[in-house]
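Take a look at the structure set out below.
Note that the structure is a prediction, hence the values are computed from the model and not measured.
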Amino acid sequence: MNYKELYQLWLEKADEDTKKELLAISDEKEIEDRFYQTLEFGTGGLRGVMGAGTNRMNLYVIRWATQGIADYINTKGAEAKQRGVVIAHDSRNHSREFAEETAKVLAANGIHVSLFDSLRPTPMLSFAVRHLGAFAGVVVTASHNPKEYNGYKVYFEDGGQLPLHVSDMIIQYIDKVDMFSVPTTDLDNSLIELIGKEVDEAYLENVAKQSVHPELDKTGYKLVYTPLHGSGNLPVRAILKRTGFSDVILVPEQVEPDGNFPTVASPNPENKECFTRAIELAKENQCDLIIGTDPDSDRVGIVVRSTSGEYVTMTGNQVGALLANYILTEKKNSGQLPANGAIVSTIVTTGILKEISKAFGVTYFDVLTGFKYIGEMIYKFETEHSHTYLLGLEESYGYLVGTYARDKDAVVASMLIAEMGVFYSKQGKTLYDVMQELYKTYGYHYEETISITLKGKDGAEKIKALTAGLRNNPPAEFGGYKVVALDDYLTGEHTENGVKTTLTLPKSDVLRFHFENGATFVVRPSGTEPKIKLYYLMKGKDEASTKEMFQKVKAAAEAIINS
């Protein structure tokens, strides 16, 4: 069907509220955007703007996807149905409604459901799947996206996001589902079980075990915390209290869950504007550290006080470097650093991690963007008994220490960041000071990610054309800096000096350009938003030369894109 036919079908079959919403649309382009495609179910699930239509997040799309998952589970027999599915959700508008609808569809298909009694962080869902021995898990969240978005992430029995071979099979089942013929049941169905406190306690116990220096006296150390209206509020405060932090100052306007995120433009701890009120509180209370978590509490951002007293936002790359250095240094000093230790990160994360890992004799592994690939490496290490996982991280403010979960966890990261703050404060340093020391030791690294949003069908076509153009005619240099190698993850080829070799990572529409000094530039269409992302991972002798390289490479890249 074309978009006009689908629009008419929805006017015939949808409920009255949905019909009213659709009839109120006067812009033909808006109708096209809502129906020109069905929201794509990828390896991570679904994500999109909420509203009526096949290309939106709504109850019909939720039922459609859930029925496909149910059909897949039903092919795995009675045991899979009994083990069932764990369901969680964040603080977004309609998240509870979508979570309950998911539960009702699964139960109508004879599948046991463990539904959290209220909002929970995404990493707790990942933990609960393994803790409860479930066959799968679903969390309703759009992570750090603006308030208009919601999403539906699916996890497999190992607690990680769906492996490719499973998601491919589920997609085949989903494609056969009629959105308007999905069976549902009531919430009081005996197959739907509410869960909560027992899982919370087991989760927090596992998080606390990841402390590097649990014996540290935190008395008198003050920090500011904001959950940005999300699900981090209770678990982050609980883990900080459990590990000895008694002076946690909350941003009162941002404590309560609220899917409209009224105090911020976007609930993304990557944006400094999220911390405006937190910085005021930090100044009033003379705090060296501010921590903020996103709506589903899988990402964490921090602001630290510099030597001059200024409050500086630390990037995800910088926090990752600090965590890696802290964990490796202290494990080595205590004789607990394993000989087969491993750090896993993505191809768009800072190069300083490789250098820190090398200095400590730890193996560094590159994976594609997305924490699911880090989770897969944890599983690989465990099944092959090859390496001891120490830390997984990505530049987009996601970190996991410990193997109790298989997704990034802002709760454990908040605990360890606060612990680092205390540890270095006893040496007269802030985290800003330690970061400057790392630059002196390993060279200056500067990273910046620029996203270009191109909405709708036309935007999607432009993004495809852009990556195809760069792939077919790769530049030999950017801003005077020679490209010495190119990784094309779609073709699976690494090209260097005219020689092609095979890349080991899965195929993906990503291009990575390598420069002579070890810096890289990566072009990658977003898998969840109508964006193309440009990752500049620069390296140099000092801040001035590194930022000069960034400006020149960026100007050259923009000129190519604009042309």
- Using a strict cut-off of less than 4.0 Å between a Lys/Arg side-chain nitrogen and an Asp/Glu carboxylate oxygen, indicate whether Arg406 and Glu382 qualify as a salt bridge. yes
- Test side chain to side chain contact (heavy atoms under 4.5 Å, CB included) applied to Lys464 - qualifying residues, sequence neighbours left out: none
- Message: Between Arg524 and Leu511 (side chain of the first, backbone of the second, donor and acceptor by atom type, cut-off under 3.5 Å), is there such a pair?
- Response: no
- Aromatic ring proximity, centroids under 6.0 angstrom, Phe180 and Tyr60: yes
- Query: Is a salt bridge present between Glu21 and Arg34, judged by a nitrogen-to-oxygen distance below 4.0 Å?
  - Reply: yes
- Item | Main-chain N/O of Asp409 paired with Asp298 side-chain donor or acceptor, under 3.5 Å | no
- Do Tyr397 and Asn268 pass the side chain to side chain contact (heavy atoms under 4.5 Å, CB included) test, and can you show the C-alpha distance, the side-chain angles, and the key distance before you say yes or no? CA-CA 10 Å; Tyr397 295 60; Asn268 186 348; 5.9 Å; no
- Task: Identify the heavy atoms of Arg83 and Gly133 that sit nearest to each other, and give their distance.
- Result: NE-O, 2.9 Å
- Measure the spacing between CD of Glu101 and NE2 of His94 and express it to the nearest 0.5 Å. 12.5 Å
- Does a sphere of radius 6.0 Å around NZ in Lys372 hold more than 12 heavy atoms from other residues, nucleotides or ligands, not counting ones at 6.0 Å or beyond? yes
- Message: Does Lys272, at its NZ atom, have more than 12 non-hydrogen atoms belonging to other residues, nucleotides or ligands within less than 6.0 Å?
- Response: yes
- Rounded to the nearest 0.5 Å, how far apart are CG of Leu194 and OG of Ser114? 9.5 Å
- May I ask you to check whether Tyr203 and Phe127 place their ring centres under 6.0 Å from each other? yes
- Item | Option among Leu125, Leu106, Ile192 that satisfies the side chain to side chain contact (heavy atoms under 4.5 Å, CB included) test with Ile87 | Leu106
- Query: Are the side chain of Asp294 and the backbone of Ser297 linked by a donor-acceptor contact shorter than 3.5 Å?
  - Reply: yes
- Message: With a 6.0 Å cut-off (strictly less than), is the heavy-atom count around NZ of Lys462, excluding the residue itself, greater than 12?
- Response: no
- So His165 and Phe156, would you call those rings parallel, tilted or perpendicular, with 30° and 60° as cut-offs? perpendicular
- Audit row: Thr122, Asp296, side chain to side chain donor-acceptor pair (under 3.5 Å) steps and yes/no: CA-CA 6 Å; Thr122 288; Asp296 68 325; 2.6 Å; yes
- Six-ring centre of Tyr155, Lys153 cation under 6.0 angstrom, axis tolerance 45°: no
- Message: Regarding Arg512 and Asp366, does a basic nitrogen lie under 4.0 Å from an acidic carboxylate oxygen?
- Response: yes
- Can you see which heavy atom on Asp90 is nearest to which on Ala142, and at what distance? OD2-N, 3.8 Å
- N-O pairing of Asp488 and Arg471 below 4.0 Å: yes
- Looking at CG of Leu39 and CZ of Arg56, how far apart are the two atoms once the value is rounded to the nearest 0.5 Å? 9.0 Å
- Query: How many angstroms lie between CG in Asp487 and OG in Ser508, if you round to the nearest 0.5 Å?
  - Reply: 12.5 Å
- Message: Would you say the rings of Phe35 and Trp10 are close, in the sense that their centroids are separated by under 6.0 Å?
- Response: yes
- Can you label the angle between the His387 ring and the Phe381 ring as parallel, tilted or perpendicular, going by 30° and 60°? tilted
- Are more than 12 heavy atoms from other residues, nucleotides or ligands located less than 6.0 Å from atom CD of Glu5? yes
- Message: To the closest 0.5 Å, what do you measure between OG1 (Thr504) and NE2 (His494)?
- Response: 11.5 Å
- Note on the structure: In terms of heavy-atom contacts, Tyr373 and Leu368 come closest through CD1-O, 3.5 Å
